[in-house]
Amino acid sequence: MKRNLKTLATETFDLVVVGGGVTGLAIARDAAMRGLAVALVEKDDFGAGNSSNSLKIVHGGLRYLQHLDFRRMRQSIRERRILLATAPHLVKPLGFLLPTHGHGLRGRLAMGVALAMNDLVAWDRDATTDPERRLPGGRILSLSRCRELVPMGLPTDCTGGALWYDAQMLDSERLLVSMAESASEAGAALANHAPVCGLLRRHGKIAGVTVEDGETGERFPLRGLLTVNAAGACLDSILQLDPGIRVAPQPLSVAMNLVLKRPLLREVGLAVSTAISVPDPEARIRRAERMLFITPWRQGSLIGTFHLPFHEPAEEFCLSRHHLNSFLQEVRTAMPWAALSEDDIGLIHAGLLPSLATTGHESPGARV
Ligand SMILES: Cc1cc2nc3c(=O)[nH]c(=O)nc-3n(C[C@H](O)[C@H](O)[C@H](O)COP(=O)(O)OP(=O)(O)OC[C@H]3O[C@@H](n4cnc5c(N)ncnc54)[C@H](O)[C@@H]3O)c2cc1C
């Protein structure tokens, strides 16, 4: 993979992609493999935005069941299957346990039906003959089995648990670099440290971007028949480069994970309900509260994802003590048995995500 800005400045590409996170790189890779001439520019390093901040879960779309959005479930199942098959060294199956309680929608019966529906929609979830990469079907577990799987503790009203399988990225940064290499091998021209600082127009239409070489400060035009804005939270900053583009600003939310030095569990991930209700106008079955996921991660654990609306321009984001305290408070309320202290925290992942419109109070709009 070679950073060749001269090629970028002289050719006209079929596709110009702005942003070298997972979205931009996946688009560039896919388009290049289909034979298009593709250029991608990233202002920092590849994955410098959210793509290196992830909770590392490759979701198969179980949550879209409550929206009865089977199309989105199928898309998520397909992408999970492709990642498990094409990057078996970087993506592995991981079971997730959701404690059941009562006799309502979180009861054993209702969750059993949900798991059966999930398995039905995901009937072709395995694309691999490697038994270690297969995703077993979901099932309801007894309370004693749940206690074995999650020795750190469970909610007091827990009656057992719903177990389903998703996948976990073992190294999201390495996965991203593999995607960049694979895009480059397919012919895409990629450059990091090359921020977009203007939009080009031809016959009134967007015809590429102006790029600055982050090393020399030199600016040059990068021409493309189609330009894709994959700048994540900086989506609006790109659009604002052209005074002729007027769109409503994209609401943003702060998203955070904690990397804990302590292994809270080893065999499965745990999903825990919080007291925070999430405005979810698309939900058909239940207006859900926010879930926190705790996953085994190397020698410790990962916990997330926390959200808080962010009302400033993306460039001004800076993680504050208020963010950390709010997150710790949420974790301690949702899972007091984990006795989380600040000393447990080894690292904080934080980023901004484009989110759903919020109601103005401190309720989260984005989900990961
Ligand atoms: C704490 C946290 C936990 C998460 N957990 C999960 C999870 O478990 N599972 C999951 O599926 N998703 C998760 N997500 C969401 C996931 O990380 C994002 O959906 C994904 O990374 C978005 O990728 P992206 O490429 O769209 O954006 P980004 O990765 O943010 O990439 C956008 C890129 O555009 C670049 N850019 C910006 N401005 C310019 C410019 N002017 N010129 C050139 N480049 C520019 C940025 O530098 C950046 O690299 C999580 C997110 C966060 C923050």
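Whatever order the structure lists them in is the order used to number ligands and atoms, beginning at 1.
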Legend entry - ligand 1 to G47 polar contact by distance, N or O atoms, under 3.5 Å: no

Inset, instruction - Please indicate whether any nitrogen or oxygen in H349 is less than 3.5 Å from any nitrogen or oxygen in ligand 1. - result: no

Inset, instruction - Among residues two or more places apart or on two chains, list those pairs meeting side-chain hydrogen bond (donor to acceptor under 3.5 Å, both in side chains) that have a residue in residues 151-165. - result: T100-T159, W164-D166

Inset, instruction - Indicate the atoms forming the closest heavy-atom contact of P88 with A85, along with that distance. - result: CD-O, 3.5 Å

Legend entry - Proximal candidate to atom 32 (C) of ligand 1 [heavy atom criterion; set G198, A230, A350, S76]: A230

Inset, instruction - Could you tell me whether some N/O pair between E42 and ligand 1 is separated by less than 3.5 angstrom? - result: yes

Inset, instruction - Test N325 against every option in Q329, R321, H323, H322 by the side-chain hydrogen bond (donor to acceptor under 3.5 Å, both in side chains) rule and name the one that passes. - result: R321

Inset, instruction - Using side chain to side chain donor-acceptor pair (under 3.5 Å) as the criterion, list what pairs up with D171, not counting sequence neighbours. - result: none

Inset, instruction - Could you list the atoms of ligand 1 found under 4.0 angstrom from a heavy atom of G19? - result: 33 (C), 34 (O), 35 (C), 44 (N)

Legend entry - Which segment of H59 sits under 4.0 Å of ligand 1 when only heavy atoms are counted: side chain

Legend entry - Donor-acceptor pair between S273 and R106 side chains, under 3.5 angstrom: yes

Legend entry - Donor-acceptor pair between T210 and R219 side chains, under 3.5 angstrom: no

Inset, instruction - Tell me which part of V41 gets within contact of ligand 1: side chain, backbone, both or neither, using heavy atoms under 4.0 Å. - result: backbone

Legend entry - Ligand-residue contact atoms, ligand 1 with T305, heavy atoms, under 4.0 Å: 3 (C)

Inset, instruction - Please say whether G20 places an N or O atom under 3.5 Å from an N or O atom belonging to ligand 1. - result: no

Inset, instruction - Using heavy-atom distances, let me know which of R80, Q168, E79, K43 sits nearest atom 44 (N) of ligand 1. - result: K43

Legend entry - N-O pairing of D124 and R74 below 4.0 Å: yes

Legend entry - Side-chain heavy-atom pair M73, L65 within 4.5 angstrom cut-off: yes

Inset, instruction - For I238, take its heavy atoms, then give the atoms of ligand 1 lying under 4.0 Å from any of them. - result: 40 (C), 41 (N)

Inset, instruction - Classify the side-chain pair S76/H59 by whether it contains a donor and acceptor separated by less than 3.5 Å. - result: no

Inset, instruction - May I ask you to check if ligand 1 and V196 share an N or O to N or O distance below 3.5 Å? - result: yes

Inset, instruction - Pick, from C197, C234, P354, the option with the minimum heavy-atom distance to atom 37 (C) of ligand 1. - result: C234

Inset, instruction - Closest by any non-hydrogen atom to atom 36 (N) of ligand 1: pick that one out of G304, A255, A231. - result: A231

Inset, instruction - For atom 2 (C) of ligand 1, state which one of L241, N53, I57 supplies the nearest heavy atom. - result: N53

Legend entry - Contacting atoms of ligand 1, where contact means under 4.0 angstrom from a heavy atom of N257: 1 (C), 2 (C), 3 (C)

